[in-house]
Amino acid sequence: DAKTTQPNSMESNEEEPVHLPCNHSTISGTDYIHWYRQLPSQGPEYVIHGLTSNVNNRMASLAIAEDRKSSTLILHRATLRDAAVYYCILDSGGYQKVTFGIGTKLQVIP
Amino acid sequence: DTGVSQNPRHKITKRGQNVTFRCDPISEHNRLYWYRQTLGQGPEFLTYFQNEAQLEKSRLLSDRFSAERPKGSFSTLEIQRTEQGDSAMYLCASSLAPSGAYNEQFFGPGTRLTVL
C-alpha cells in the first residue's frame, strides 16, 4: 500500500484558516486521496476526497499538487469542534481497503 | 437513527474468554468493514465484506478472530481465547458502492474491549 506522511500535531487559533499537509510520494495513478477525521471518543468521519483536481465541500477544501505527491486539507475557519485527529489516506483498490496512519492531531486554541 | 451501530459499546473480559461484537450497518449499504484501533494509533484494517462474502482479511486477523455477515446485513466479530494484546477499540464501517466506484465509509462508535 502507498503510504502517507503527516505531521504528528498542529495548532491553530480559532476562526483562522488551517492547512494540514500530507505527503504521498509513492501514490499510484489510480489512488484517490481521502481525508477522514476522528473526534475524541468517536469513530472516524469522512471529510473529503479527490483524485487530481482541487475539491471543495461544505466541510473543507482539498488542494492536490500537480504531481500528486502531496496534498493539503484546508479548513477555512477553524472552530473548537474541528479539534480532532485528521487522517490522510490512499485507497489501494476499488473495494477501498484503506490504511490509516497516525494522523495529525489538530488543536484549536480559543 | 440511520447510522452505523455497534454493540456492546464497552466489554471487559478476562484473558482466555471468548467475546463477540455486533455491527449493524446503514441498511442499504452492501460493504462492511472491521478495524482495530489501539491508543494513539490510527484504525487498522481487519476484514471486509461485500454483501455476505468476506473478500479480504488482514494478517492481523489471527485464527482466534472470526467475522461473519449472514444474509449480508449485520456482522459479528468473535475473538476466541482473548489475550491482553487484544485490548483495543473495534470499529465497524459500512459503505454503498458499485464495483470500482468510490463511496465514503461511515463508521460506528466502536466497541472498546478491555482484556484483564
Side-chain donor/acceptor of A:Y36 to backbone N/O of B:E104, under 3.5 Å: no

How long is the straight-line distance from [atom2] of [Y] back to [atom1] of [X], given to the nearest 0.5 Å?
X: A:Q38; Y: B:L91; atom1: CD; atom2: CG; result: 6.5 Å
X: B:F106; Y: A:E45; atom1: CZ; atom2: CD; result: 10.5 Å
X: B:R9; Y: A:S41; atom1: CZ; atom2: OG; result: 8.5 Å

Please check if the number of heavy atoms outside [X] that lie under 6.0 Å from its [atom1] is greater than 12.
X: B:R64; atom1: CZ; value: yes
X: B:E68; atom1: CD; value: no
X: B:L116; atom1: CG; value: yes
X: B:E28; atom1: CD; value: yes
X: A:L39; atom1: CG; value: yes

Aromatic contact, A:F100 with B:F45 (centres under 6.0 Å): no

Proximal component of B:Q37, with respect to chain A [non-hydrogen, under 4.5 Å]: side chain

A:P44 and B:Y35, any side-chain heavy atoms less than 4.5 Å apart: no

hydrophobic_cluster_shared for B:V19 and B:F74, side chain cutoff 4.5 Å: no

